[in-house]
Structures are given as structure tokens and as C-alpha cells.
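Atoms within a ligand are numbered from 1 in the order they appear, just like the ligands themselves. Count residues from 1 along the sequence.
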Amino acid sequence: MTASTAAREQFAASYGREPEGIWSAPGRVNLIGEHTDYNEGYVLPFAIQHRTCAAVALNGTDDIRVESTFSDSQVVAHLSDLDGLFPTPAGETPAVPEWSAYVLGIAWALRMLRPDAPAPGVDIAIASDVPVGAGLSSSAAIEGSVASALNELWDLGLDPVTLAQVGRKAENEAVGAPTGIMDQMASMLGQPDAATFLDCRTLETRSIPTGFTAAHLELLVIDTRVSHAHSTGGYRERRESCERGAELLGIRALRDAGIDDLPRAAELMDDVTFRRVRHILTENQRVLDTVDALTAQGPRAIGDLLVASHASMRDDFEISAVELDVAVDTALAAGAIGARMTGGGFGGSAIALVEHDAVERVTDAVERAFADAGFTAPHIFPVSPSAGPRRDA
Ligand code: GLA
């Protein structure tokens, strides 16, 4: 069953009528540029074919009611009471079930942005085929689908970049995950056949054709099934190290330093902070180099950059996991052109760029390596650049 049908059926079963419409938004993979977004640097993600759907209708009350296929409970809130629920204090969990905080958080953030616009009550049912906890931004896909629905039903007329910022606010302040803007921008600005080169400081974007199809290449996702959470622990710590590094360098954000600043950084900070900083400075450069390579030479030229990015995350930023390393090493040994972990790390997915003819060989090799190591079997599937949010029905 498609996510769209599942959302419609969930809506009908929960609310006893048909939705007014179904809006969807995609998940994403990041080709390169990890943890650079909250350092105001560069990223190169693309939206994938997996989508989250929100079936929505006005309900004639002042309540927002939320259902989903991944929870048995219905969450209900008075729209005017959302201010009492959010923001979630830093380091704490939301006062509502976490999955519903993404949805309620969007309504809250939209009302903050447009306090004078009428915001009538809505019924919402969510279904998704973006794997959760796989590092493919299932959360940005929820945010994008709900933001698109409310933007239309509440007649707000907001553009995609503003809706991405609304999504980030929901994620940071309602869910309490201290993430950057990459996922929401990647989802909101998705387009077939191209990745989105994003400057996370200015939010300027450039569409970069990947050229995978013409070159007979596939981008495989290897979901390790090791699930991660960004509202906790390691992600927040990495962010704090980056902020400390920027402060020691006397700059607003690590974006303002380059490779030439590394010797100075080495003198100013402890070894761990230095290695965190080195990852960000070199990763920003790798994003720029990847854009150049894709544009000038095509996708076969980006393999080494993907591999260097993975090594930097494994050794300097220390956000990989043994399953991700096995996935990357095995894919490369089986002939992948490049491979790296993607997303926030500590689990989730790796990507591997492979010749169309080598998909089976790489897939078999990774499955075998996981079985030999006693890991849970991975999910391996191809992804391709896909369109951003849309109204499906
Ligand atoms: C998660 C966050 C993003 C970004 C990546 C790492 O996906 O949501 O904002 O920081 O991790 O690149």
C-alpha cells in the first residue's frame, strides 16, 4: 500500500470521513557535507523517492488532532494552547509523544510566524514510507508534508524556504533536536535528477545535476538498521565542540575558516576540539570540490571525495559506527566508486555509488559481511533525486 493510501485510510478510520486533501514531502540523502549545516557551511543533499503523506481536513473546532500509522494513540491539542506546550526546554523531551511534536510543532511555528492569520482546527493522519531512524530525514518529511498542508488550508502563502525554516524551528524548539537546516531545505527544494547545493548561511541554493542515470550509476542506500536519535548525546556534543572551536578561532562560525587556518587551530585548541574542527573545515572544502567535479567531470569523479568524507567522520568527527564502517569498506572492496555514511551518524545509513552492473555484487557482498559479523541484516535499495512537496490528492 502506498503512503498516500495508508494516510487516507488512517484518516477515514480515525475521523469517520474523507480528508480534504493529501500532501506529501520526501526524505533525503546527503551526498556530501556532514555536520557542516549548523556551522553555516555547505551541503549537497537530494530528496529521495520515499515520502511522508499527511491526509488533512479542517474540523470546525479550535483543536488540532493528530493520528499516524506508527502510533495507536490520537494526540489532541487546543491550537491556542500550543504556546504552553512549546518550546521544549533544551535537553528535555517534549510534553507530547515525540512523533506528534513534529506535527504540533509545525502548527505552533506557523502560528508564531503569522500570529494574526486565522488558524482553524484541523484533523491530520500521517503515513510514511521513509524508514524511521535510518538517517533519511523521516522527520523533515513529516514537517514538510504538514507545513505544506497547513500553508494551503490556512491560506498562508509561504514560500518553500520559509516553510523549511518553519520545519527547522519545529525540530529545534518543539522536538528539542539541535539540528541544522539541511534536511528541511533538501526536502522542500527537491527536484528530479539534481542535488541541491546549499549555502547554509545565506540559504542560497544551486541545482547540481547528478548525472547518475546518464552515467549508468546507481546510488545505493545501505540502512544498517542501527537506529540513532539526534535529540540526545553525541550530536549535541559535536555541535558544542564546533562552537568552542569557532570561539577559539575568534570567528562567528567554522564556515569563516578554511584549510589554511588548520595550523593555527592546532595551536589554539585541545586535540579533540581540533579534530572536530578539522572535519568541518575539510568537509566544507570537499563539498565545493564535489560540486566542481560533478559539474566539470561527472559523477565518476566524486568517488575519492566520498571516501575521504567517510574517513574524516570516522577518525576526526568520530560519528561513525562499526556497521557503517563495514558497509563502506565492503562496498568499496566490491567495486563501489565511492561510499560514505550519510546523515547525522551514530547509526543510520551509508551510501554507495556503484555501476549499474555492480549493484547485485555490492549488495550481496554487504549482506554477506553483515551476516558474517553477526549484525542485523541491512536494507539496501537505490535512491534517485526526486521532487519536493506536493499535493497528491
Ligand atoms: C542530521 C541533522 C542535519 C545535519 C546532519 C548532519 O541529519 O538533522 O541538520 O546536521 O544530521 O550533516
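Taking the side chain as every heavy atom from C-beta outward, Cys242 and Val277 never approach each other to under 4.5 Å. At least one side-chain heavy atom of Tyr38 sits less than 4.5 Å from a side-chain heavy atom of Arg238. Looking only at side-chain heavy atoms (C-beta outward), Phe381 and His50 come within less than 4.5 Å of each other.
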Practice problem: Evaluate the criterion side-chain hydrogen bond (donor to acceptor under 3.5 Å, both in side chains) for residue pair Thr162 and Asp159; output intermediate values, then yes/no. | Solution: CA-CA 5 Å; Thr162 306; Asp159 61 78; 2.9 Å; yes

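A donor-acceptor pair under 3.5 Å links the side-chain atoms of Thr330 to the main chain of Val326, judged by distance alone. Under a 3.5 Å cut-off, the side chain of Thr224 and the backbone N or O of Gly348 do form a donor-acceptor pair.
Against a heavy-atom cut-off of under 4.0 Å, Thr179 is close to the following atoms of ligand 1: 2 (C), 8 (O), 9 (O). Near Met182, the atoms of ligand 1 lying under 4.0 angstrom from a non-hydrogen atom of the residue are 4 (C), 5 (C), 12 (O). Close contacts of ligand 1 with Gly343, meaning ligand atoms under 4.0 Å from a residue heavy atom, involve 6 (C), 11 (O). Numbered from 1 in the order shown, with element, the atoms of ligand 1 that lie under 4.0 Å from a heavy atom of Asp37 read 3 (C), 4 (C), 9 (O), 10 (O).
At a 3.5 angstrom cut-off on N or O pairs, Tyr235 counts as close to ligand 1. The N/O atoms of Tyr38, backbone and side chain alike, include none that comes under 3.5 Å of an N/O atom in ligand 1. For ligand 1, the polar-atom distance check against Glu171 finds no nitrogen or oxygen pair separated by under 3.5 Å. Polar contact with ligand 1: present for Asp183 (N/O pair, distance under 3.5 Å). Among the atoms of Arg28, some N or O lies under 3.5 angstrom from an N or O of ligand 1. Geometrically, ligand 1 and Gly180 share a nitrogen or oxygen pair separated by less than 3.5 Å.
At a threshold of 4.0 Å, the pair Glu247-Arg244 does not count as salt-bridged, since none of the basic side-chain nitrogens sits closer than that to a carboxylate oxygen.
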